[in-house]
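Data block below; observations after.
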Amino acid sequence: MKQFTSVKDIDNVGDLVREALQIKQNPYAYESLGKRRTLGLVFMNPSLRTRLSTQKAAQNLGMNVMTVNADKDSWALEFQDGAVMNTTTVEHIRDAAPVLGNYCDIIGVRCFPGLLSKEVDTSEHIMHQFIKWTKKPYISLESATLHPLQSLADAVTMVEHSRVKRPKVVLTWAPHIKSIPHAVANSFAEWAVAQEVEFVITHPEGYELDPQFTQGATIEYNQQKALEGADFVYVKNWSSFADYGKLLCHDQNWMLTLRHMEATNQARVMHCLPVRRNVELSDEILDSPHSLVQAQAENRVFAAQAVLKRMLENL
Ligand code: AN0
Ligand code: CP
């Protein structure tokens with residue numbers, strides 16, 4: 001595998017999920033595979049899970065890991081071709097990325113969208129510049145539009161906890177106080193349609209996701225109806241895509257509570273974290289046996305390890 005940016009970069013979701021589950025059984029089985037190999041992680045935005053789980057995965061494979069936080073412990077990067085750099089950015093990606101490529105065998109980057117221009121964000125300009133100028137295998141740590149490591153961990157978690165062969169999976173929008181990226185929801189959708197599940201997305205009108213990621217999903221605007229018979233409920237906020245980056249709905253009834261769970265098939269509830277308690281998701285769900293959030297976070301390690309293993313085998 002040369003790049004992991006989307007479900008499209010893998011042939012078979014089931015095979016990769018099985019590989020992650022095998023690694024979970026014996027995390028040190030390939031502890032020499034990454035010997036003398038270096039993973040470089042670049043964070044343009046904050047992270048707890050992605051940072052630590054990817055580091056841990058790399059260490060389990062015997063790799064060295066170097067992490068930089070752009071504009072914090074390294075320079076503020078410029079991505080515009082031909083920019084006259086007389087304001088805040090200090091180093092151009094054309095200069096910085098080859099340096100990273102020189103030091104590292106695999107590069108991981110987190111680059112959130114600005115949520116100001118749909119055109120800029122959907123072009124994945126920053127991600128593509130890193131891929132182009134580092135010339136190294138690339139692993140997305142969440143791009144402007146997708147978060148594949150999260151979705152792989154979520155797929156692993158659903159396989160582990162499913163009580164039926166073809167579960168009903170519902171992605172539900174939740175309230176939030178800020179403009180939040182679409183990446184986790186887009187990515188969950190594109191992975192869900194590639195799995196053997198019945199997949200429903202529910203959100204208020206105006207929150208339709210980019211249709212390129214939701215082909216094959218059923219959209220149901222009535223949350224209660226969508227939740228009927230659900231085996232898994234994936235909770236996530238995202239800002240409007242049509243009215244790009246805007247908050248259109250503040251209705252707290254969209255926040256999942258135990259009352260919402262009555263219509264479900266004793267569903268397990270998922271969220272990628274970080275979660276705003278009692279805004280996106282109630283304490284009573286997060287602290288109940290319904291919640292799978294810690295299982296998802298745990299599986300981030302084995303998801304990252306399965307991807308890094310495939311990249312190392314291909315170096
Ligand atoms: C980010 C997002 O929703 O894309 C990261 C989630 C993993 N969350 C926030 O910005 C709160
Ligand atoms: N779920 C997730 O990616 O968490 P972080 O933003 O903490 O990495």
Side-chain angles (χ1 to χ4, degrees), residues 4-6 20 39 41-58 65 67-70 72 108-116 118 120-122 124 126-127 139-158 171-191 201 203 207 209-210 213 234-241 244-247 249 254-256 269-281 286 291-308:
F4 185 70
T5 62
S6 154
L39 174 66
L41 300 177
V42 180
F43 286 90
M44 313 283 293
N45 318 94
S47 167
L48 174 70
R49 280 145 292 271
T50 305
R51 175 187 304 256
L52 298 184
S53 63
T54 310
Q55 282 184 9
K56 192 171 159 80
V65 186
T67 303
V68 292
N69 304 295
K72 293 200 175 65
V109 179
R110 167 164 281 197
C111 48
F112 284 0
L115 293 177
L116 297 171
K118 183 188 284 194
V120 169
D121 292 345
T122 54
E124 295 282 14
I126 295 179
M127 180 176 85
I139 179 165
S140 167
L141 307 176
E142 187 173 341
S143 71
T145 64
L146 292 168
H147 193 1
L149 283 174
Q150 181 66 50
S151 307
L152 174 56
D154 295 336
V156 169
T157 309
M158 287 194 287
L171 168 62
T172 180
W173 181 90
H176 205 288
I177 57 155
K178 285 177 64 182
S179 286
I180 296 290
H182 310 94
V184 172
N186 284 341
S187 198
F188 185 78
E190 74 159 12
W191 284 69
I201 307 175
H203 52 69
Y207 281 93
L209 292 165
D210 185 342
F213 303 116
Y234 200 94
V235 179
K236 186 71 183 81
N237 168 267
W238 60 88
S239 53
S240 174
F241 182 69
Y244 195 66
K246 298 287 188 311
L247 275 71
C249 173
W254 278 86
M255 180 183 79
L256 217 64
V269 177
M270 303 174 72
H271 189 288
C272 63
L273 302 180
V275 66
R276 293 217 179 208
R277 280 178 172 248
N278 304 311
V279 176
E280 284 177 88
L281 199 43
L286 280 163
S291 174
L292 282 178
V293 298
Q294 293 301 329
Q296 291 171 262
E298 183 188 356
N299 284 330
R300 291 294 305 273
V301 176
F302 311 111
Q305 211 171 318
V307 172
L308 288 171

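Every number for a ligand or one of its atoms is a count from 1 in the order of the listing. Below, each value reflects all heavy atoms present in this structure, side chains not excepted, and no hydrogens, waters or symmetry copies.
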Would you say [X] touches ligand 1, if touching means a heavy atom closer than 4.0 Å?
X	value
Phe112	yes
Thr50	no
Glu142	yes
Lys236	yes

**Message:** Testing Val275, Leu281, Ile180, Thr172 one by one against Lys236 for a side chain to side chain contact (heavy atoms under 4.5 Å, CB included), which residue passes?
**Reply:**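 The side chain to side chain contact (heavy atoms under 4.5 Å, CB included) with Lys236 is passed solely by Ile180 among Val275, Leu281, Ile180, Thr172.
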
**Asked** Any idea which atoms of ligand 1 are less than 4.0 Å away from a heavy-atom of Leu273?
**Response**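 In order of number, 7 (C).
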
**Interfacing atoms of ligand 1 (cut-off 4.0 Å, heavy-atom, Ile180)** =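 Heavy-atom distances to Ile180 below 4.0 Å select 3 (O), 9 (C), 10 (O), 11 (C).
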
**Request:** Would you please test Arg110 and Thr50 for side-chain hydrogen bond (donor to acceptor under 3.5 Å, both in side chains) and show each step?
**Result:** CA-CA 9 Å; Arg110 167 164 281 197; Thr50 305; 2.9 Å; yes

For [X], the ligand 2 atoms whose distance to one of its heavy atoms is below 4.0 Å:
X	value
Arg300	1 (N), 2 (C), 3 (O)
His147	2 (C), 3 (O)
Arg110	3 (O), 5 (P), 6 (O), 8 (O)
Leu48	5 (P), 7 (O), 8 (O)
Cys272	1 (N)

We want to know whether [X] and [Y] form a side-chain donor-acceptor pair, criterion being a heavy-atom distance below 3.5 angstrom.
X	Y	answer
Ser6	Glu190	yes
Gln150	Ser187	no
Glu124	Thr145	yes

Closest non-hydrogen atom pair, [X] against [Y]:
X	Y	value
Arg51	Leu41	O-CD1, 4.3 Å
Trp254	His203	CH2-C, 3.3 Å
Lys178	Asn237	O-OD1, 4.1 Å
Ala189	Ile201	CB-CD1, 4.3 Å

**Item:** Nearest-neighbour protein heavy atom for atom 4 (O) of ligand 2, which is reported as residue plus atom name and distance
**Value:**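 Minimum-distance protein heavy atom for atom 4 (O) of ligand 2 reads Arg49 NE, 2.8 Å.
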
**Asked** For ligand 2, is any non-hydrogen atom under 4.0 Å from Leu273's backbone (N, CA, C, O), its side chain (CB onward), both, or neither?
**Response**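 Leu273 to ligand 2: backbone contact only, side chain stays beyond 4.0 Å.
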
**Request:** Using a 4.0 Å heavy-atom threshold (strictly under), name the region of Glu142 that reaches ligand 2: side chain, backbone, both or neither.
**Result:**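 Neither part.
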
**Prompt:** Of Ala297, Pro46, Ser47, which has the heavy atom at the shortest distance from atom 8 (O) of ligand 2?
**Reply:**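 Looking at heavy atoms only, Ser47 sits closest to atom 8 (O) of ligand 2.
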
**Message:** Under the ring-ring contact (aromatic ring centres under 6.0 Å, His included) test against His182, which residue among Phe213, Tyr244, Tyr207 passes?
**Reply:**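 Among the candidates, only Tyr244 passes.
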
**Message:** Is the ring pair Tyr234/Phe188 parallel, tilted or perpendicular, if the boundaries are 30 and 60 degrees?
**Reply:**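 Ring orientation, 0 to 90° scale: parallel.
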
**Prompt:** Is any heavy atom of the protein nearer than 4.0 Å to atom 8 (N) of ligand 1?
**Reply:**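 So atom 8 (N) of ligand 1 lacks protein heavy-atom neighbours under 4.0 Å.
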
**Asked** Does an N or O from Arg51, backbone or side chain, lie closer than 3.5 Å to an N or O of ligand 2?
**Response**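 Checking ligand 2 against Arg51, no N or O pair falls under 3.5 Å apart.
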
